[in-house]
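Report on the structure given below.
The chains referred to below are lettered A, B, ... by the order of the sequence lines, with proteins before strands, and numbering in each begins at 1. Keep in mind that what you see is a predicted model, and the values were worked out from it rather than measured.
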Amino acid sequence: MAAPEAELVLKWEREQARLRESVKEEDTEDWQRSPDFSGLKRVGGVDLSFIKGDDINACAHLVVLTYPHMKVLYEDCKMVTLNAPYVAGFLGFREAPPLLQALEKLKNVQPNLMPQVLFVDGNGLFHYREFGLACHLGVLSDLPCVGVAKNLLHVEGVVRSEEHQSQINALQKSGDSFPLATTSGRVLGKALRSSHSSIKPVYVSVGHRITLDTAVRLTHTCCLYRVPEPIRQTAACDRQPAKDMDLTDPHSTAHRGRKRRLSTEHRNPSRWLFFPAPPQ
DNA sequence: GCGACAG
DNA sequence: ATCTTGTCGC
C-alpha cells in the first residue's frame, strides 16, 4: 500500500483531462430514445475479480446477455497481471487495459455478439475529474457505457452524511432515485434503488454515449437483484470444475462465483413492467 | 494539517 | 477488491 508516485498521478490527471473531452453525454443510439428500449438486444458487463492476498493478478470477466431476458450469450474470463496499483480516482489505468483486451477478443471471435451497451463496475462522470472507469472504457472502446458503483465515492460535496442517508431512506420503491449534485450544482449521477429487496442504492452515472436519465432507466430494467445482471453475471464463472488449485486458471474455484439461479420468486417485481407478465 | 476515497 | 457463518423469510 505504498503511496502512489506523485509524478505518475500528475501524468494520469493530464491523461484523464485529455480523454474527458471525448466523452459523449448524449443518447446516440435509437434504442435509447425508445420507451421500452426496443432495438436493444445485447447488454454487456465487465469486471475484475481478485483472490484474497493478491492484488496484482486478477481475473478479467466479460459477459454479454440478451435484453430484456438477461440470458447469457457470451462469457469470457482470463487471468491477467495488472500494471498499475489501485488508487481511488484512477481505476481506469488499472482495470481498463485488460477489459479492453477482452472486448478486442470478442470482436475477433464473435463480432456479432458485441454488446450495444456496456455496464461497468465503477463510476463514470461521478468522479473527481468527471472521468471514472466507465468513461475511460467508453472513450477507448467507443461503446455506450454506464457506470454503476456499489459504494459512494466522495466527490465534491457528495459524502456519506446524514443528509445523504435521509435521501436514501426516502427511496421507497424500486426505481426511485435522487440526484448526486456537486457543490456547484452539476448533477454527476444518481443514487438508484435498483430492487425492492435492497435498501442500499447503487450509484449510476454516464460512461459514454448515453444520457443520465437513460442510464438510470436502463440500469433499473437490468436489475433482478441490487446489482445489474450484466455485472452480477460476471461473477458467475461457474463452468468446468478446476482440476487442481491452480491460481493462474480463471476457472479455479478461487474465482468461481455462486451458481446462477433465476427462479421467478427472487425477481424484482417492478421489472415486470417490461414484460407480458403479472403486475407486482 | 489530517482524513475520507469506485475496485 | 477479498475474507467471514449462520440465519430468517418468501
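Across all non-hydrogen atoms, the minimal contact from A:S174 to A:S194 is OG-O, 3.7 Å.
Among the heavy atoms of the strands lying under 4.0 Å from A:A88 is at least one base atom, whether or not backbone atoms are also near. Within 4.0 Å of A:F90, counting heavy atoms only, lies at least one base atom of the nucleic acid. Residue A:G89 is classed as a base contact, given a heavy-atom separation below 4.0 Å to a base. No contact: A:D55 has no heavy atom under 4.0 Å from any strand.
A:H164 has its NE2 atom 14 Å from the C1' atom of B:dA4, to the nearest Å. One interatomic measurement links the two molecules: CG of A:L133 to P of C:dA1, which rounds to 13 Å at whole-angstrom precision. For the pair A:R94 CZ and B:dG7 P, the interatomic distance rounds to 13 Å; values are reported in whole Å. Atom-to-atom, OH of A:Y86 to C1' of C:dA1 comes out at 9 Å; the value is rounded to the nearest Å. If you take CG of A:N123 and C1' of C:dA1, they are 15 Å apart, rounded to a whole angstrom. The separation between A:K150 atom NZ and C:dA1 atom C1' is 9 Å, rounded to whole Å. A straight line from CG of A:L82 to C1' of B:dG7 spans 10 Å, rounded to a whole angstrom. Separating the CD1 atom of A:I56 from the C1' atom of C:dT2 is a distance of 16 Å, rounded to the nearest angstrom.
For the atom pair A:C223 SG and A:L192 CG, the distance stands at 6.5 Å (nearest 0.5 Å).
Listed nucleotides: B:dA4, B:dG7, C:dT2. Nearest to the side chain of A:S49: C:dT2.
Here the side chain of A:D47 pairs no donor or acceptor atom with the backbone of A:I231 at under 3.5 angstrom.
Atom CG of A:D54 is surrounded by more than 12 heavy atoms from other residues, nucleotides or ligands within 6.0 Å.
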